[in-house]
Amino acid sequence: MTGYLIRRFGQALIVLFFVTVITLLLIHLFPGGPVRAMLGPRATVAQVRIFNHLYGYDRPLYIQYLKWIDQLLHGNLGFSPKLNMSVAALIAQDLPKTIVLVLLGTIVSLLFGIPLGMYQAVKRYTVGDYVLTGVSFLGYATPTFFIALLLVEWFAVDIHIFPPFAPQGSSVGQILAQPQGLVLPVIAYSFVLYALWSRYMRSSVMDNLVQDYVRTARAKGASERRVLWGHVFRNSLISIVTLLGLSLPSLVAGAIFIEVVFNYPGMGLAFFNAAEDVDFQVLLGFTVLATVATILGNLLADIGYAMLDPRVRYN
Amino acid sequence: MAPLLEISDLRTDINLRRSVVHAVDGVTLHLEAGETLGIVGESGCGKTMTALSVMNLLPAGGHIVGGQVRLAGQVISELDDEAMRRVRGNDIGMIFQDPLTSLNPTMTVGKQIAEAVQLHREVSKEQAMDRAAEVLDLVGLPRSRERISEYPHQFSGGMRQRVMIAMALACEPKLLIADEPTTALDVTIQKQILELIDDLRRRLGMAVILVTHDLGVIAGRADRVAVMYAGKIAETTDTSTLYANPRHPYTEALFHALPDKAAETRERLYSIPGLPPDLTHPPSGCRFAARCRYAADRCREEEPTLRGETAGHEFACFFPVGERERGGLVVSEPGPVEQALPPAPAAGGAVLLAAEHLVKDFPVTRGAVLQRRVGAVSAVANVSFEIRTGETLGLVGESGCGKTTIGRLIVGLEKPTGGAVRFDGKDLVGSRGREYRRQRRSIQYMFQDSYASLDPRMRAGAVLREPLEVQHIGSRRDQDKRIAEMLGHVGLPSTAVDRFPHEFSGGQRQRLGFARALMLSPELIVADEPVSALDVSIQAQVLNLMRDLQTELGLTYLFISHDLAVVRYLSNAIGVMYLGKLVEAGPADEVYLTPAHPYTRGLIDSAPVADPAAEHAKVEAGVRGELPSAIHPPSGCRFRTRCPLAQEICAEVEPVLRPFSVNGHQAACHFPLQPPVAADATATASAPTPLP
Amino acid sequence: ASSTPSSSASSGTPVKGGTATVALAAGITYNYIFPFYSITNASVYNDEQFQFLMYRPLYMFGNNTNTSVSVNYALSPADAPVYSNGGKTVTITMKGWKWSNGESVDANDVVFFLNMTEAEKSIWYAYSAGLLPDNIVSYKATGPDTLQINLNQAYSSIWFTYNQLAELNPMPMAWDVTSLGAAAGSGGCTTDTAADGWAKCKAVYNFLTAQAQQASTYATSPLWSVVDGPWKLSSFNTNGNVTVVPNPSYSGSPKPQLDAVKFVPFTADSAEYTALKTKSLDVGYIPTQDLPQKPTSASLPATNPLASEGYYLEPFWSYGIQYAQPNFNNPQVGYLIRQLYIRQALQMSVDQLGIIKAIWRGYATPVSGPAPTTPPNQWTPAIQNENSGQGPYPFNLTKAKALLTSHGWSEVGGVMTCEDPSKCGTGITKGQQLKLTYLYSTGVAAATATWQAIKSDAGQIGIDINLVGESFNTIIGESAPCAPMGPSCNVQVFAYGGWSYDGPGFEPTGEPLFATGAGSNSGNYTNAEMDKLINETHTSSSLAVYHQFATYTAEQLPFIWVPQPNPFQIQAVANNLKGVTFSPLFTLLPEYWYFTS
Amino acid sequence: MAMIPPPQSGSAPTGVGSVVAEPAAGTLTAVELEGPGGSEAKPRSLLQRGWEVFAENRLALASLGVVVFMVLFSFVGPLIYHTNQVNTNLDEVLCHPSGAHLLGCDNLGYDVVGRLMIGGQTSLEVGVAAAVVAVLFGTIYGAVAGFVGGFIDSLLMRVVDAGLSIPYITVIIILSVAFHPTRLIMIFIIASFYWLGVSRLVRGETLTLRTREYVQAVKVVGGRSHRAILRHIVPNAIGTIIVQATFAVADSILILSGLGFLGLGVQAPATDWGSMLSGGLQYLQSTQSYWWLIYPAGIAIILTCIAFNFIGDALRDAFETRLQRR
Ligand SMILES: Nc1ncnc2c1ncn2[C@@H]1O[C@H](COP(=O)(O)OP(=O)(O)OP(=O)(O)O)[C@@H](O)[C@H]1O
Ligand SMILES: Nc1ncnc2c1ncn2[C@@H]1O[C@H](COP(=O)(O)OP(=O)(O)OP(=O)(O)O)[C@@H](O)[C@H]1O
Ligand SMILES: [Mg+2]
Ligand SMILES: [Mg+2]
């Protein structure tokens with residue numbers, strides 16, 4: 001297991017290297033200079049030159065890269081001149097809030113997706129299954145922002161049950177202190193995920209139900225309930241855990257839309273604003289961080305996988 | 001007193017989307033307490049469905065449509081789910097064919113066994129676990145206390161089957177249903193498992209239904225046998241009667257298809273033509289009529305009932321074969337008419353293929369970034385042999401002993417780590433490019449899995465054309481002609497060119513594979529378990545075909561199989577492999593009848609023979625234990641860990657092949673079962689070992 | 001003063017206290033607290049709506065009673081400047097306000113700021129060669145409350161007050177430090193000189209900037225809590241959630257009535273509007289698309305869409321202009337653009353009135369020159385008011401087309417093509433097509449629609465406009481002045497938006513936009529006559545001189561004018577919140593606000 | 001060339017004859033060949049069988065109908081329902097649905113039905129093209145990695161890992177801010193990350209197919225790897241690839257609409273359903289209801305994406321069951 005983790009870690013480092021190269025290249029695709037965009041329309045040529053030098057944008061790309069890597073290695077994710085704070089501080093402020101959103105959304109979606117997916121598998125090709133299939137395909141096919149805005153229109157504007165935008169505040173505590181504000185963002189966020197989980201769970205359970213070991217369990221005299229929860233459940237969960245790890249990047253992506261629509265003060269919103277403002281350092285820092293998070297997430301998923309699947313654990 | 005289990009006129013259907021499979025169609029059986037009933041028959045004839053009907057564990061769409069199942073007088077086929085659940089695992093235990101997939105991979109074996117206990121007994125968790133350890137002890141699993149917390153994948157195949165048995169027996173059922181419990185296992189392990197079941201039956205006084213397709217397996221185990229065909233019982237009686245005097249032509253045909261008896265005479269095997277009928281639309285009349293050599297018009301019109309001329313021997317046939325069993329009066333029926341084959345080609349051709357000190361290690365690697373080599377699987381370790389033109393060399397051994405690897409080395413699918421392969425005197429390993437591709441033609445391969453070896457998206461015609469295209473042989477018309485010709489050779493209709501692989505039966509697919517191998521007019525064919533996946537009847541067809549074409553086309557075979565009977569039937573010479581080593585080799589009969597190596601002896605004893613008398617005669621024979629890991633093979637003699645004769649020297653000195661006859665019979669053993677002949681000029685340890 | 005819906009709200013009894021929640025414009029957040037900042041942090045919102053609440057500039061602009069564009073001495077910590085010596089000397093007298101830590105707001109505080117501009121002028125956002133502080137010969141505090149500044153030549157007193165002195169912001173001695181907790185004034189910047197290369201000021205600047213770059217500490221820092229304005233910061237986060245509370249020791253008047261003002265950020269108009277509809281805000285704006293059509297004569301819509309939610313409406317005027325900036329140096333189209341007749345044709349194909357009516361629903365005014373026409377102000381020359389505010393070149397496709405054909409152009413395959421180069425003008429070759437690519441900024445639906453409408457109309461007379469949208473910041477990134485016909489001059493027409501005269505430079509003079517080589521002259525317009533006229537607006541205080549410049553600009557069309565959203569926002573204010581008005585100069589004056597019962 | 005002697009005509013060679021000897025030679029195929037194709041003269045092709053499986057799924061058929069409708073609507077519709085989608089019509093801004101404008105007008109006076117048609121052209125073209133580009137490139141990349149193996153494979157797959165661990169939306173946002181989003185660029189942008197997943201999948205498929213016996217059989221008869229790849233691996237992976245491409249179309253349309261929402265979609269006056277939808281959503285809360293700006297575009301997206309998802313599901317069934325006897 002530790003050997004396996006070390007190996008995964010080595011892989012992750014290589015991946016990270018590629019990520020830094022890719023992001024830096026991506027960001028240098030921006031037309032015009034980063035500085036000009038940063039200074040705004042009133043900047044004079046002289047000012048642009050001064051700031052270019054100040055931020056080192058007048059140096060060759062590879063020097064900039066090395067400098068940036070050096071910074072990263074020292075834990076310095078850069079500074080956002082647009083927000084006047086270090087990217088690290090920004091992340092420290094916003095990331096926990098995004099994590100709250102992602103976690104809540106994921107948990108809610110899992111809470112619905114897993115049991116309903118199992119229900120569908122057990123009652124496959126019945127009306128209930130078809131209805132839920134319809135719901136999950138709707139989840140797949142509806143743009144997140146559309147769902148989100150419709151939810152706002154229905155539940156916040158038409159009938160005032162929930163506030164239309166997410167709780168505001170610098171800290172997680174402030175966010176959690178206004179739980180009613182979290183309802184709509186979390187619902188909107190979990191809808192797509194729900195579709196994903198329930199679909200996977202359905203097919204996974206269906207696959208498992210025809211496995212030989214299920215027949216064995218029945219031959220022992222186990223009830224259907226027991227077969228389902230005692231045997232099939234855990235084996236089906238394995239594929240969900242892998243999926244969870246793999247879908248981390250899209251979890252983050254989904255959070256961006258939700259944060260933008262609901263004005264949720266998290267990292268996704270900050271990222272979106274940074275992209276609009278061409279705030280390079282934030283874009284770089286966030287991308288690297290999101291990548292690290294993804295890699296870590298995958299690692300966690302692997303560990304979870306190993307916990308669920310003894311075949312991996314003992315290899 | 002009512003029998004323990006009584007099945008009367010059981011009928012089971014499986015509803016498919018568009019059709020209904022009548023999987024079990026009027027089966028009547030009974031089983032006394034403590035008795036073993038064997039159910040045999042070809043694949044698809046409804047054995048499993050019968051067993052599952054008893055348990056009421058039918059697959060989706062399956063349900064009992066008629067008849068009754070009574071257990072100790074109680075009708076269990078009409079119980080509701082809840083009540084049936086109390087029967088399953090409690091009154092009836094069941095074990096399945098594949099022990100790996102039949103165990104929950106994410107649950108410890110202890111829990112899985114304990115679950116069975118908890119479901120039926122008011123016990124605490126600890127008590128259930130205690131019971132799990134106890135039954136694991138019972139099924140002969142060493143260190144059961146420690147192993148209850150392990151997972152199925154940590155067990156070997158044989159051990160897993162023991163776990164399955166333990167689970168089935170945890171609540172001491174009155175009846176154990178074993179559905180092909182050993183089909184996925186090696187003969188050596190098979191014997192151990194069968195003995196275990198037998199032993200437990202006796203000790204626990206339970207009844208056993210042993211489902212199998214192998215007549216040998218039940219010969220020594222069952223008290224009574226039911227032969228099934230197309231969802232019906234064809235014949236049923238006690239074991240010795242059935243083996244001595246089968247009355248149903250189907251039963252008879254099954255016996256005649258076995259290579260065991262024909263091995264000595266090398267007669268053609270009898271093969272049942274065609275396939276069992278499609279059970280969605282079972283034929284009217286006798287279901288076997290279409291394949292029966294004795295069938296008359298009546299058979300096609302009227303359905304024979306299961307009846308007996310004597311009590312205890314019933315069969316469903318209008319024109320029974322065998323001898324009437326009444327008052328010693330034996331009415332002879334016409335026996336099978338089979339042409340005698342020309343005897344196996346005489347030895348003496350030139351050496352066609354020579355393997356010289358072949359070594360193959362597969363690296364075991366770790367690390368996804370930089371692949372580090374952490375060890376090697378010693379799949380083939382210094383193996384030498386020769387095959388002469390027109391001969392067949394049979395390679396046998398347990399699974400994982402390196403048979404396939406040798407085959408692949410010879411056809412060039414693997415590069416040897418060491419040693420050489422000489423074909424017609426030329427080194428195959430070193431050749432490259434055009435020369436290599438030309439040589440490729442002369443050695444062809446027949447794969448084990450006829451399904452996997454045919455591209456599912458290619459029609460048979462394209463499959464057969466491919467070798468010609470690759471080698472740029474002939475115009476398209478020539479190729480067409482040759483394809484038609486080859487289809488004729490292997491006995492496939494010419495219309496087959498348009499079919500896809502899945503539209504053929506298993507035997508037909510294997511013929512197609514054979515035809516592909518023959519397309520380039522090879523001299524040598526390496527056949528890797530070509531019949532292992534086939535039913536006996538189909539197996540006979542393919543074996544016959546292989547022999548016919550050998551004489552006709554002057555082919556040379558390297559025939560790989562784990563089934564000694566098949567190997568013996570087909571081969572002039574036999575090589576026995578153990579964990580990458582050739583431990584014994586020599587003329588087929590000599591090796592089979594007077595083996596020198598204890599391993600060979602063990603293999604022979606393990607292989608079940610379709611003869612109750614012979615089976616009962618075997619005592620405490622076979623090979624103990626399981627095959628050790630090929631990554632760290634035992635030092636010295638690799639067999640020593642399982643050898644009853646092993647002594648210290650076996651761990652220290654690796655035995656070399658020594659001659660045991662002038663005919664080239666050799667074995668590598670420090671304590672052979674017969675004295676070796678003095679080392680003389682005929683064989684030297686260093687030179688490639690000549691075979692007859 | 002606004003008319004119908006706002007005054008119709010009944011007035012209740014004023015009560016003290018309460019928190020007013022105010023929406024920030026979509027995508028806008030406050031991000032910098034230190035009033036001496038570099039151009040990276042220059043933003044009208046930061047400045048006028050955030051810093052001014054806490055740190056009063058030397059001269060405040062805008063007021064709470066009318067929409068006039070003028071200096072507001074009553075709200076400033078200094079009296080009106082006195083120009084003497086033929087306009088070469090300025091004397092400023094401080095009113096003797098106090099900082100919240102007890103320090104007085106005196107002449108030294110201004111010297112501190114001026115010293116810092118000397119030390120860090122290249123970094124300072126307002127710096128442009130020749131302007132402040134280059135145009136100052138010397139300055140000194142002649143008394144605790146008097147400051148004398150000597151200029152290098154006589155300047156227009158209006159221009160110097162509106163566009164130069166307006167940039168000064170007194171800073172407390174508590175900031176003249178190089179570490180937290182150091183003694184006030186220990187940094188030495190106030191007494192620094194050019195002799196040491198302003199080293200002390202540079203050190204102080206670096207320290208303060210480093211402090212200002214920790215946005216998360218704004219609300220807690222002992223530095224930034226020293227204020228002279230009516231408000232002080234109580235909480236701040238970079239997402240834009242900012243709360244200010246009254247500064248109890250504010251010297252000016254009126255004193256704040258409210259307990260707090262809370263600013264809430266939004267990413268999109270629709271989200272902000274949702275917040276209004278759900279009564280989550282006290283002050284917010286109604287996005288254009290959610291407003292009913294505005295009658296031309298009124299400044300507010302006839303019906304209030306938020307009446308039932310309990311809001312009254314207030315217009316928020318903007319003091320600026322909108323335009324497309326053609327690139328005179330672009331190698332492909334530079335020669336076309338250099339022809340006045342082509343610019344005239346382009347201008348005449350812009351249906352400003354139609355666009356205002358259909359796309360802006362009446363919430364915009366035509367632009368016709370450098371001076372904004374709304375709200376009415378003294379700077380607008382007569383020519384800009386011609387043709388209902390469209391100026392000298394009103395929408396007229398026939399005329400525009402005739403202008404082109406008379407200059408040797410004719411329509412070939414739907415696109416105007418030069419047939420007679422001698423008439424077309426210098427650098428234009430036969431067969432050249434009248435095709436232009438506009439780089440417009442995306443994000444505001446009505447603005448995008450405006451460009452499409454313009455493209456569509458131009459297309460009808462054979463002017464082929466290709467629209468390419470980019471984010472505002474991206475376009476800005478590409479908008480650097482460039483050498484004539486050089487390869488880096490690849491943008492043909494910049495259409496990123498416009499300019500608002502909201503400081504530095506409340507007088508709409510042309511130096512940042514139209515002067516040769518000016519920083520925001522992205523189109524590289526150059527005209528000696530224009531340069532001369534601009535210069536005259538700096539030296540002469542006569543309004544006629546300004547009008548001369550403005551008239552010339554309106555005629556010359558260095559830019560193609562497009563409608564200016566105006567009132568650029570209709571603000572909705574909760575019925576129980578009174579005293580709320582919006583200055584066109586963006587200055588926010590919540591000290592006038594109060595709740596009623 | 002050594003040809004095997006043909007079987008002697010007339011007398012069947014000893015073994016061969018008896019092996020296939022059937023009760024009646026004429027019924028040989030019927031008895032010998034299993035499967036429903038057994039008695040037919042010419043077995044159904046794989047395509048036919050795939051289609052049968054597919055057609056059994058009513059939802060998939062309906063979905064196919066939806067897709068066909070959307071394609072006809074978008075590409076043929078403008079030939080029947082003429083609208084001016086070039087010039088803005090400031091007189092008809094936000095006009096209500098009427099006989100002249102079945103679904104009213106948008107904020108520039110464009111007819112909404114006509115707009116849906118040209119928006120559909122963009123959405124479908126970009127969706128399909130992005131899917132095709134991503135799947136083609138991903139397939140080649142994955143197949144090469146899987147087939148070459150070893151160090152190159154490791155390297156290639158680490159690049160894919162890297163790409164996959166960057167949240168795709170960030171890449172897309174950055175790219176679409178960096179470039180002027182035209183159709184072509186949108187296609188490129190969406191494909192630029194979508195290929196990653198495809199390549200991983202195809203590599204996996206290649207790895208398994210590579211060890212299939214029928215691929216090895218090519219080697220035994222002397223064939224080279226390109227034959228194995230082209231004749232066996234690619235045709236057998238094609239099912240997976242096509243299914244993937246189908247899902248990719250739905251995903252691409254959704255991504256495009258997301259970009260439209262973030263204001264990063266295609267450039268006006270061109271439009272796509274996503275841009276229409278997000279443009280319309282600005283009017284969601286207007287006092288006056290402008291439902292025709294919101295729901296038609298929203299429904300078009302949802303219907304099309306659901307349809308492609310259903311088709312993908314059904315195709316997967318069709319391909320997966322291709323080997324089963326039916
Ligand atoms: N799940 C199923 N769905 C449909 N038909 C089935 C199913 N399982 C078995 N059958 C059909 O039922 C018949 C009897 O099958 P069964 O499994 O009992 O045969 P068997 O004798 O056990 O064969 P084998 O030796 O291959 O295990 C066959 O025709 C088979 O095709
Ligand atoms: N490609 C490979 N990589 C690693 N190890 C392999 C490989 N192929 C075979 N082996 C190992 O080599 C040993 C011999 O395998 P081989 O397939 O030759 O055995 P076999 O006698 O044919 O067995 P079976 O009867 O199961 O077919 C086994 O331990 C197997 O695990
Ligand atoms: Mg079976
Ligand atoms: Mg093998």
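Chain letters run A, B, ... following the sequence lines, proteins first, then strands; residues in each count from 1.
Each of B:D91, B:N90, B:V87 was evaluated against B:H120; a single residue qualifies, B:N90, per the side chain to side chain contact (heavy atoms under 4.5 Å, CB included) test.
Salt bridge present: A:D129 and A:R202 bring a charged side-chain N and a carboxylate O closer than 4.0 Å.
A:Y140 and A:F137 have perpendicular rings, their planes meeting at more than 60° on a 0 to 90° scale where under 30° would count as parallel. Between A:F286 and A:F271, the ring-plane angle classifies as parallel under the 30° and 60° cut-offs.
Taking B:M55, B:M167, B:E115 one by one and counting their heavy-atom pairs under 4.5 Å with chain A, the maximum is reached by B:E115. Per-residue heavy-atom pair counts under 4.5 Å with chain B were compared for A:E224, A:R218, A:R215, and the maximum is reached by A:R215. Of the residues considered (B:M107, B:Q118, B:E82, B:E150), B:M107 shows the highest number of contacts with chain A, using heavy-atom pairs under 4.5 Å.
Of the possible donor and acceptor atoms, none in the side chain of A:N76 sits under 3.5 Å from a partner among the backbone N and O of A:L72.
At a 4.5 Å heavy-atom cutoff, the contact between B:M164 and chain A is made by side-chain atoms alone. Proximity to chain A is limited to the backbone of B:L103, based on heavy atoms less than 4.5 angstrom apart. Looking at B:Q97, there are no atoms closer than 4.5 Å to chain A (heavy atoms on both sides), in backbone or side chain. No part of B:L100 comes within reach of chain A, as not one of its non-hydrogen atoms sits under 4.5 angstrom from that chain.
For the residue pair B:S149 / B:T108, no side-chain donor-acceptor distance below 3.5 Å is found, with atom types taken as modelled.
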